[in-house]
Amino acid sequence: MKKYNPKKIEKKWQKYWESHKTFQVKEDVKKEKFYSLIEFPYPSGEGLHVGHPRPFTAMDVISRKKRMEGKNVLFPIGFDSFGLPTENYAIKTGKAPAEVTKKNIANFTRQLKMLGYSFDWSRQVDTSNPKYYKWTQWLFLQFFKHDLAYKKNQPINWCPKDKIGLANEEVVNGCCERCGTPVEKRNKEQWMLAITKYADKLLAGLQNVDYIERARVQQENWIGKSEGAEIVFPLRMIPGQSDDKHSVTVFTTRPDTIFGATFVAVSAELAKKWVDVGWQANEDIKKYIEDILAHRKSSREEEPEKTGVEAGIVAINPANQKEIPVWITNYVLGEVGTGAIMGVPADDDRDKEFAEKYNLPIIENYTKAGFEDHGKRVIRYKLRDWVFSRQRYWGEPIPLVNCVPCGGWVPLPESELPLELPKVKKYQPTDTGESPLAAMEKWVNTKCPQCGGPAKRETDTMPNWAGSSWYFLRYADAHNDKEFASQEKLKYWMPVDWYNGGMEHVVLHLLYSRFWNIFLHDIGLVPVSEPYAKRTAHGLILAKGGEKMSKSKGNVVNPDEVVAQYGADTLRTYIMFMGPFDQAVEWDDNGLVGVKRFLDKVWNLQEKVVPKTELNLKLQTSLHQTIQKVGEDIEGMRFNTAISKMMELVNEMSKEEKLSADYYSALLKILSPFAPHMTEELWGNLGNKKTLVYQSWPEYNPELTKESTLTIAIQINGKVRDEIMIDADTAEDEVKKLALASEKVQKWLEGKEPKKVIYVKGKLVSIVI
RNA sequence: GCCCAGGUGACGAAACCGGUAAACGUACUUGACUUAAAAUCAAGCGCCGAAAGGCAUGCGGGUUCGAGUCCCGCCCUGGGCACCA
């Protein structure tokens, strides 16, 4: 027998699968489809690190099992290749991003093939390829034509380091999500996608899909629906003078507390508006307003102490006509709700803190009101429209031109798509906030496709979220140059049956791509409303010491090295064995050893294989238990326990002199999703001519998973004192009798009668003294 | 502050409905094989104790014949949201 040599075997089978097109799928209405999806990687210059294979291997295991269960499995791969790191690299080195991307994709492809993933490579997509982004542009124009894309001058989040505008979703604690630099507010014209118009659909759709709860909750929080009332408080701008012109509208989720309101608090932003339309505030108040507004812009890290000034305005509580003062405060925010609240110190901690500081009255006991009487019921969302333009080079050009005679923005006709990125000399973005494309006069100045007159191109590009917002649709029909994907193929493959990805993409990518899909469904271009039937998430693989792996810390484990030393099958199986799939785990080189030993044992077992052995009842039970557990555990993503059960089985098999070929075959089948190369080789060694990939998944017999002899523990007052062996079908009375007869039990009883004897079937006897 | 995970040997972890806590793997100890090492195989491996036995799943209570698992009150770690009215 040859020694297990992963290097040779793995290359051999990778070639076999490629030349036999083993994993290429075609639409086949006679077969039930299964669409499994991973988040396609960004092809960075560093290549794969050992964290990537966790989700990839998991979905590969699932895909391989589904194939063996007879499903027509689509398991595609592609590259999300637009993005800042490549552009920054281009700025540093002067190399064209398209060339760098090509090189990086080649390296990623090599590494992914090295790991033996069962991707259908024929459907590979690349978001920075004009053949792909032609359709990203085309889809953007659908938003534009349905008035869901609009340009707006507004303060945006500006990262001074990356020199780029950010979507709200990309700002974390007031800092750039990517580089951690505090963001500034800048006024800029930006393309926006009106995702807020889909807030209710995005929220409602979550009820019809099977998402891991953390993901669902995070999406719900982000959409942030709150139901409440808008209540109008009439104002007297000058106390004592009647005034029927002025009022302030407050938003509250607790309109029932209106009788407890002792003041009205307004934001500095709203107060500023009042000043702008002629409110005669004194200088101190004006200065206070300016101070708050200036301070808001700069720091956001800590919650400042609550401050306020009395405005000298009286508000009238519409519920009881009581006069209460109006305060201008820093703890009410202009962009939230109506920018004004009613202060109810008895029911709101923040109002209470404020009232105590400024000695405002607190009404402890008051009648809770009915809400219909005092306000208009409204529903608010935290969700804001999506800032969809970036002032950078390496992204999809926005296919619009500005034509003054035609009255503004004119879309390019489909025949002019793709609007390709021109080659530029300098990739450096500018401090003025314009993309490098703006400097290319030849490209910028063009003809209006509508009137033929001179017009200017949009020079901003799309955010890196654009391409990933619909890639799962393209996989259904990756090479179609007439449509983004044919209806027929979308109907066959959609929705994605199982999508696994990182928690970090749950608010951004998942929300955006659901938005695109729901919109496309609404206009009749996609057959299903929700793109993903099921969404799971993996935990991170951390470096030793619990830190994230990063190039700068020098703690990145490269899969190339692991594969060179142990082979891909060992790496795959170890990554699945490390710990619970949804939790973070620390990488440990030592752990690879145990898995390698396990695979060696499986390899060595082939020596013991004979066509048929006598029935070995114990081994039969173990085999059926293992088949059951591995199948169930894969479905539940409990890969670690699936593997440990197979280890137990293999340990048992290793103790036998001879091993029946059908037992060994069953083992190879259930192990094959984890260690596909080695099991293919062993399967061939058994004399089989066809690939293991499409062999049927073994079935277990529930009757045969039951043990014939059981060990029963005997507890006395809750403590285990003895155990007895019984036949599985022993009657309850008999078991109790046997238990009481035990020598140790007799000793503990000291001749007394037990108060109570409880038998838990197949587990234990509990005796109470 | 609110929401969601989680806390178990030296380490990664199991224990699915309340039923023998620590399966599986690593590390370690001893032995076999070997001139030797590696590899492999065998035995051991929570803590205290000579043993009988006692103590053990972050801490303190409770329910139960029986609690890692359920209930009450805390502490710690990770993630999300956050003056959101």
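Here is the naming used below: chain letters follow the sequence lines, and residue numbers restart at 1 for every chain.
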Expressed in whole Å, how much space separates the [atom1] atoms belonging to [N] and [M]?
{"N": "rG18(B)", "M": "rA82(B)", "atom1": "C1'", "value": "38 Å"}
{"N": "rU20(B)", "M": "rG68(B)", "atom1": "C1'", "value": "14 Å"}
{"N": "rU8(B)", "M": "rC59(B)", "atom1": "C1'", "value": "15 Å"}
{"N": "rC41(B)", "M": "rA67(B)", "atom1": "P", "value": "40 Å"}
{"N": "rC17(B)", "M": "rG31(B)", "atom1": "P", "value": "45 Å"}
{"N": "rG19(B)", "M": "rG1(B)", "atom1": "C1'", "value": "41 Å"}

What pairs with H624(A) under ring pair (Phe, Tyr, Trp, His ring centres under 6.0 Å), at least two apart in sequence or on another chain?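 Applying ring pair (Phe, Tyr, Trp, His ring centres under 6.0 Å) to H624(A) gives none.
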
Those residues at least two apart in sequence (or on a different chain) that pass ring pair (Phe, Tyr, Trp, His ring centres under 6.0 Å) with F354(A) are F263(A), W327(A), Y331(A), Y358(A)

[X] has an atom [atom1]; how far is it from atom [atom2] of [N], in whole Å?
{"X": "L540(A)", "N": "rA5(B)", "atom1": "CG", "atom2": "P", "value": "18 Å"}
{"X": "D600(A)", "N": "rA38(B)", "atom1": "CG", "atom2": "P", "value": "17 Å"}
{"X": "I328(A)", "N": "rA85(B)", "atom1": "CD1", "atom2": "C1'", "value": "18 Å"}
{"X": "I769(A)", "N": "rC65(B)", "atom1": "CD1", "atom2": "C1'", "value": "11 Å"}

Those residues at least two apart in sequence (or on a different chain) that pass salt bridge (Lys or Arg N to Asp or Glu O under 4.0 Å) with D210(A) are none

Per-nt protein contacts along nucleotides 8-29 of chain B (heavy atom under 4.0 Å; B base, S backbone sugar-phosphate only, - none) come out as ----BSS-B--BB--BBSSS--

With a 3.5 Å cut-off and sequence neighbours excluded, list the donor-acceptor pairs that the side chains of residues 760-769 of chain A form with protein atoms.
none

Which of E707(A), E648(A), K706(A) passes side chain to side chain donor-acceptor pair (under 3.5 Å) with Q625(A)? It is E707(A)

Hey, is the side chain of [X] poking within less than 4.0 Å of OP1 or OP2 on [N], counting only N and O atoms?
{"X": "R721(A)", "N": "rG54(B)", "value": "yes"}
{"X": "K756(A)", "N": "rC65(B)", "value": "yes"}
{"X": "R380(A)", "N": "rA85(B)", "value": "yes"}

Among rC81(B), rC83(B), rG79(B), the one nearest any side-chain atom of Q218(A) is rG79(B)

What residues, two or more places apart in sequence or in another chain, satisfy side-chain contact (heavy atoms from CB on, under 4.5 Å) together with [X]?
{"X": "N651(A)", "answer": "K601(A)"}
{"X": "K629(A)", "answer": "D633(A), T641(A), K645(A)"}
{"X": "Q746(A)", "answer": "L749(A)"}
{"X": "D347(A)", "answer": "R254(A), T257(A), V344(A), Y366(A), K368(A)"}

| Should E732(A) and K736(A) be marked as a salt bridge (charged side-chain N to carboxylate O under 4.0 Å, His left out) after you check the CA-CA gap, both sets of side-chain angles, and the distance that decides it? | CA-CA 6 Å; E732(A) 174 165 350; K736(A) 284 182 179 172; 3.2 Å; yes

inquiry  = Within 90° of 0 counts as syn, otherwise anti: where does rG9(B) fall?
reply    =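 It is syn.
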
Contact check, residues 340-355 of chain A vs RNA chain B, heavy-atom distance under 4.0 Å, returns I341(A), R350(A)

Check your understanding: Is a donor-acceptor contact shorter than 3.5 angstrom present between the side chain of K306(A) and the base of rC83(B)?
Key ->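 When only heavy-atom distances are counted, K306(A) does reach the base of rC83(B) through a donor-acceptor pair under 3.5 Å.
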
| query | Does a salt bridge link E269(A) with K273(A), judged by any charged N lying under 4.0 Å from a carboxylate O? | reply | no

Annotated structure of RNA chain B as dot-bracket, pair cut-off 3.5 Å, Watson-Crick or G-U only, | for inter-strand, is (((((((..(((......[....))).(((((.......))))).(((....)))..(((((..]....))))))))))))....

task: Name all pairs fulfilling the side-chain hydrogen bond (donor to acceptor under 3.5 Å, both in side chains) condition that reach into residues 501-510 of chain A, sequence neighbours left out, sorted by first residue then second.
output: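 side-chain hydrogen bond (donor to acceptor under 3.5 Å, both in side chains) check on residues 501-510 of chain A returns E39(A)-H505(A), Y499(A)-H509(A).
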
